[in-house]
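Read the structure below first, then the notes.
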Amino acid sequence: MWGSHPEWLVERWLERFGVADTRALMLADNRPARVGLRVNRLRLTREALIERLAGLGFGAEPARLSPELVWLENGVPLRQLAPLRDGECTAQDESEALVMLLLAPLQHERVLDLCAAPGGKCTHMAERMGDEGEVWAMDRAEGRVLTLEATIKRLGVHAVHVVQGDGRRYPFPMPFDRVLVDAPCSGLGVLGRRADARWRKGPEILDEMPPLQLELLAAGGRQARPGGVLVYSVCSFEPEETTDVVERFLDQNPGFVLESASGLLPDEAMDDQGFMRVLPHVHGCDGAFAARFRKT
């Protein structure tokens, strides 16, 4: 153990990032996680949300990368936050909000969120589409579906249709203009928010998760229409779950091409390969990765 992180993880990061960045990454993980609120743009603007919070005695500042997110000042009790309870906003990290900029759904499109619970991204789709179109939100577990439905109801969006099922096998009868595969992952990018997870997970998780991620990504690809967009995202920045999965998917699915995030995301949220890549010690939010594909 060093810096309150397991040795196996420190050794990985030292090899990839070097001493200074590994130290900065661990320090970022050990700080109290910031709380972000994504404004429900169907109801108000980000500026109006900041004013509403100020009127209730809570400080908030606009996030740097996402145009719809604010960061709350430390210590604000979320359960007592009226704008959250009333559906004017939802709790979300900036890294999650950036994924929707990469997907870029448009009004009147049909969009699929293949791993949708607890509902942050599928409701974001509906908000960015002006609640006009179809957003299909799928999850496998009944309990997670109930959480998903509660989020949709609280935010008051009508375009989202919930389906319980296994996204790897569910036979949707219609194609989709855009598909998001926000896959289950190691969660090694969000250790600042889930500090106990660093002690519950070992290096074997990086062998266990990629086959499932690849299977879900392939299933999502089958649901996209010709010319449609497919986005893969994980709250991890480990190569096994990010670029390795992308390369294997492209090798096995020649009907897809990789598209750069350039023009869709702020430059600082992209790496030199055109992927979305954010790191806790660099961007001040959770660590995450996303890639965008086009079905030819």
Side-chain angles (χ1 to χ4, degrees), residues 1-38 59-76 91-102 120-121 182-183 185-203 205-206 209 232-246 260-262 264-291:
M1 181 185 80
W2 188 72
S4 295
H5 283 69
E7 185 175 347
W8 71 270
L9 195 52
V10 177
E11 289 176 350
R12 281 181 64 89
W13 290 350
L14 283 171
E15 185 177 346
R16 194 152 91 254
F17 298 126
V19 174
D21 275 341
T22 297
R23 186 186 296 274
L25 176 52
M26 290 190 294
L27 287 172
D29 279 349
N30 290 338
R31 294 189 194 104
R34 292 203 288 177
V35 176
L37 294 178
R38 187 193 79 230
E61 62 180 17
R64 191 171 83 250
L65 301 174
S66 167
E68 296 155 330
L69 201 96
V70 304
W71 291 115
L72 277 179
E73 65 181 9
N74 289 336
V76 174
Q92 192 174 53
D93 186 77
E94 191 168 24
S95 62
E96 297 178 276
L98 288 173
V99 173
M100 213 46 54
L101 298 183
L102 191 61
K121 292 185 176 70
D182 183 41
C185 70
S186 66
L188 294 176
V190 294
L191 296 183
R193 205 168 294 283
R194 303 168 193 162
D196 62 315
R198 67 187 78 176
W199 307 115
R200 290 188 284 103
K201 297 175 180 179
I205 197 165
L206 296 175
M209 299 308 299
Y232 169 71
S233 66
V234 284
C235 52
S236 169
F237 41 79
E238 302 304 321
E240 293 91 335
E241 301 182 279
T242 58
T243 50
D244 288 1
V245 170
V246 168
S260 171
S262 180
L264 296 169
L265 293 177
D267 288 346
E268 61 186 300
M270 294 168 40
D271 66 14
D272 56 7
Q273 295 175 276
F275 297 124
M276 182 193 115
R277 192 188 300 270
V278 290
L279 300 166
H281 64 298
V282 176
H283 301 93
C285 59
D286 291 342
F289 169 93

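D93 places a side-chain N or O within 3.5 Å of a backbone atom of D286 that can act as its donor or acceptor partner. Remark: side-chain polar atoms of R198 are paired, donor with acceptor, to backbone N or O of S4 under 3.5 angstrom. At distances below 3.5 Å, not a single donor-acceptor pair connects side-chain atoms of E94 with backbone N or O atoms of L69. Between the R12 side chain and the P203 main chain, no donor and acceptor come within less than 3.5 Å of each other.
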Audit row: T243, R277, side chain to side chain contact (heavy atoms under 4.5 Å, CB included) steps and yes/no: CA-CA 11 Å; T243 50; R277 192 188 300 270; 3.6 Å; yes
Working for side chain to side chain contact (heavy atoms under 4.5 Å, CB included), residues L188 and L9: CA-CA 9 Å; L188 294 176; L9 195 52; 4.1 Å; yes
Side chain to side chain contact (heavy atoms under 4.5 Å, CB included) between L279 and L25, intermediate numbers included: CA-CA 8 Å; L279 300 166; L25 176 52; 5.6 Å; no
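Counting only residues at least two apart or in different chains, salt bridge (Lys or Arg N to Asp or Glu O under 4.0 Å) contacts with residues 24-34 comprise R34-E61.
Rounded to the nearest 0.5 Å, atoms CD (E68) and CG (L101) are 6.5 Å apart. With rounding to the nearest 0.5 Å, the separation of NZ in K201 from CG in D196 is 8.5 Å. C235 SG to E241 CD: the interatomic distance, rounded to the nearest 0.5 Å, is 8.0 Å. Interatomic distance, S233 OG to E96 CD, rounded to the nearest 0.5 Å: 9.0 Å.
Judged by distance alone, the side chains of E238 and S186 never bring a donor and an acceptor atom under 3.5 Å apart.
When side chains are defined from C-beta on, N30 counts as touching H5, because their heavy atoms get closer than 4.5 Å. Taking 4.5 Å as the limit, every side-chain heavy atom of S236 sits out of range of all side-chain heavy atoms of F289. Within the 4.5 Å cutoff, no side-chain heavy atoms of H281 are placed close to those of L27.
Using cut-offs of 30° and 60° on the angle between ring planes, the pair F237 and W13 is tilted.
Here the shortest heavy-atom pairing between L98 and L265 reads O-CD2, 3.4 Å. The nearest pair of heavy atoms linking W71 to G284 is CZ2-O, 3.9 Å. Minimum interatomic distance between G120 and R38 (heavy atoms only, all atoms of both residues): O-NH1, 2.8 Å. Nearest heavy atoms, P280 versus G189: CG-O, 4.0 Å. Residue V234 comes nearest to T242 through the heavy atom pair CG2-CG2, 3.9 Å, listed as atom of the first residue, atom of the second, then distance. Contact detail for H283 and V278: the closest heavy-atom pair is ND1-CA, 3.4 Å.
Around the CG atom of D267, the shell of radius 6.0 Å holds no more than 12 heavy atoms that belong to other residues, nucleotides or ligands.
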